[in-house]
Amino acid sequence: MASSSGTASSRTASPGKVPTGGASVGSASPGDGGDGDGRPAGAVARVRRQLPTSPWLFAAPGLLVVGIFILYPFVSTVVNAFTDRRTLIPGEFVGLANFRELLHDEMFWIGLRNSTLYVLGVVPALVLLPLLLALLVQKNIPGIAFFRSAFYTPVVASIVVVGLIWVWLLDERGLVNSLLEAIGVGRIGFLSDQWLLLLSAMTVTVWKGLGYYMIIYLAALANVPRELHEAAAVDGAGAVRRFLTVTVPAVRSTMVLVGALSSVAAFKVFSEVYLMAGPGGGPAGEDTTLVMLVQRTGTGLTGRVGYASAISVVVFVVTVALMLLVLRADRKEDA
Amino acid sequence: MPRRALAAAVVALVLPLSACGSGGDDSGSTDASGKVEGDITFQTWNLRANFKPYFEGLVADFEKKYPGTNVKWVDQPAEGYADKISADAAGGTLPDVVNVSPDLVAPLAKAGLALDLDKAAAKYKKEYLPGAWASHEIPGTEGTYAFPWYLNTGPLFYNKSLFKEAGLDAAKPPKTYDELFDDALELADKSDGKVATLANVPTIEDFGRYGVELMNKEGTAFAFNDAKGVELLTKYKELYDAKALDPQALTATPESSGKKFLTGAVAMNPGSALDLGNFKKQAPNLYKNIGITDQITSTGKVNMYVMGVMVNAQTKQKPAAVAFAHFVTDAQNQMSFAKKVAIFPSTAGSLDDPYFTEEDGTDETRVRIAAAKSLKNAVNYTPVLFSEQMKTELRNSVAKALQGKVSPKEALDNAVKACDRLLQQQG
């Protein structure tokens, strides 16, 4: 804090950086004369007296919002991670005890495994499928707006409603199982088998995210020069080859962006798994993700806030690492 | 100047935050004597939707009885009620009088936020059933931390036609766990695994009703991993393997198992007298075949749920808060509430009222009378120190045993170990 405040004050005190009201505004004294723009000296002096604080006054509402709703909760989480704080008991500093306990907590490893599997299962699908979908609806043909809207519909639907509908579909006596039974396959425990449950939740995530990323890709595809496609076509490239040699390189940055966004979202998945696997996290809690574990451990009157904060810190570190990894890969390709 | 501005910004940032934190350091005195006056807030648990006129009348009566008092009634939804209370408790904004259950009172009492009524309101103790008053005692602390309010116990509903189809006598539903296990295996066998008898894994109340000792006498450690506990879980494993327990029981919630019962996928389900109306409306065919029986118990004592009304130990209006909490829970008001909804008063002698003893030929009355009768020796099997986190530990261990990943003994040993660790961490 000390170094940052020093930096901030030195910046605002630097007269040369202030763009308005004359070059020497920051350092002027009330007794100075006019500054040559024809305004009376007194008025300029007033302006000169007010200016150094006014940027802070303008920034104050934003600083308050950022401070109270972003920085304070974040810093509190990090601080709490080193305490044994509980909901109603402030707790004491315990050093790395929470993190050491994590290493021996079976449920933490289950959560880490499931969150990682979620990234591995969902991200490739969310990078590729929306791109293919965007290519399909890119053409300006009559009625295409209907399909664009239709594919976007899951994005605006409430995740709770979506979760409930998929639970009805995949229930032991739901529509999908009834169809499977009718064609002689027999009923499948989509919501009672640990792995099928996770896969079902991934399917819902992909289904719900398709439209969102499709829109991002549509914007990127609009910027791909048509001449490149035409030139490739003249050279005899078919649709697949044009996709691989023209479209993919042109939207590669967008693919990286989609990869980064979807991997962070996938690692922090909560709603889909919570709704489909139940608050307990599936049979024996085997489908619990890390964020579900944070919720389960840290809430309620007996919640272990310190321990839940330690898990949150791990989630934060992994997500930052994921972002860096994706962006670094992008830079390497650029180089 | 900029430095000062920055300092001001930091102060402005920190000041509101310093108001957060638990409680304050009110002395927490238990003295509730003095004039009953002032403004108090009363919080209920999901009761506004159906009982708004009752509570408005209650508040008006109290304000009339004690001029100079003003009660602000707030109601919170059922979902996330514990989280709302914990946020209020941590933020120092807990209402003066709060509707709670014993497991919610326990952490609040330990944090010094619940008023000890043995000290502040001992004179009212004799008005309540002894068991109900004792239900808000917290092991490890001295005192009683909430007025007992309404009691509830649910019958067990069963689908007579499913029983008949399996060749079972629908007039003789199971009463004990042994009878239940026999009937469930028969039902699964006859329906080729298509009809399960139960849709939920055993909970701590099941262990209690089976006769398992849940905690040691001192209330310092859990004990449900004894031979009897292992026996119960082994039986449930047998049911699960035979599909007498629904395959989705491992992830079921009370709501989802209720739906399974409505659709005839499950033959038995616990409920309350309120459910009858629901069956009539949503599943008329089921309603025609509905059987009502007592809870399954091998101890002879059914499980009861207790609601309480707690007084915030930090309240600035102790006399008014205690007087109002007592007013809400006194015999007259509990009886009047019981006539509006299927609950049972916790006040001494109320269950002898003709309303709870005389048949009028309807199913609703039959359920009410049977429940009132069973309440006289019912037990609140859920230990007050059994937190949500502990429920999850037990549920997960039970699921592992049912899946065959660990033996029932190992599963219960693990659950007890995890629950004991959480108990110690609660302080």
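Below, read A as the first sequence line, B as the second, and so on, with proteins coming before strands; counting in each chain starts at 1.
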| said: Under a 4.5 Å cutoff for heavy-atom pairs, which residue among D103(B), T253(B), T263(B), L104(B) has the most contacts with chain A? | reply: L104(B)

| request: Select all residues of residues 291-298 of chain A having any heavy atom within less than 4.5 Å of some heavy atom of chain B, and report them by number, or 'none'. | output: R296(A), T297(A)

| request: Kindly give the heavy-atom pair with the smallest separation between S387(B) and T302(A), and that separation in Å. | output: CB-OG1, 3.3 Å

| chain A contact via A249(B) - which portion, at a heavy-atom distance below 4.5 Å | neither

| task | With a 4.5 Å heavy-atom cut-off (strictly below), which parts of residues 254-262 of chain B touch chain A? List them by number. | result | K260(B)

| task | Go through the atoms of L108(B) and report whether side chain, backbone, both or neither lie under 4.5 Å from a heavy atom of chain A. | result | both

| query | How long is the span from the CG atom in L197(A) to the CG atom in L250(B), to the nearest 0.5 Å? | reply | 10.5 Å

| query | Among residues 169-187 of chain A, which ones touch chain B with a heavy-atom distance under 4.5 Å? | reply | D171(A), E172(A), R173(A)

| field | chain A contact via K405(B) - side chain, backbone, both or neither, heavy atoms under 4.5 Å | value | side chain

| query | Which heavy atom of A89(B) sits nearest a heavy atom of L88(A), and at what distance? | reply | CB-CD2, 3.2 Å

| said: Using side-chain heavy atoms (C-beta onward) and a distance below 4.5 Å, is R304(A) in contact with L422(B)? | reply: yes

| Note, Q248(B) side chain near L191(A) side chain (heavy atom, < 4.5 Å) | yes

| remark: With chain A, the option among A252(B), S86(B), A82(B) that has the most non-hydrogen atom pairs under 4.5 Å is S86(B)

| What are the two closest non-hydrogen atoms of P283(A) and A399(B), and how far apart are they? | C-CB, 4.4 Å

| field | Contact listing (chain B partner; residues 93-108 of chain A; heavy atom under 4.5 Å) | value | E101(A), E106(A), M107(A)

| message | If I take atom CG from residue L301(A) and atom CD from residue Q389(B), how far apart are they, to the nearest 0.5 angstrom? | response | 9.5 Å

| request: Flag yes if more than 12 heavy atoms outside K243(B) fall under 6.0 Å of its NZ atom; otherwise flag no. | output: no

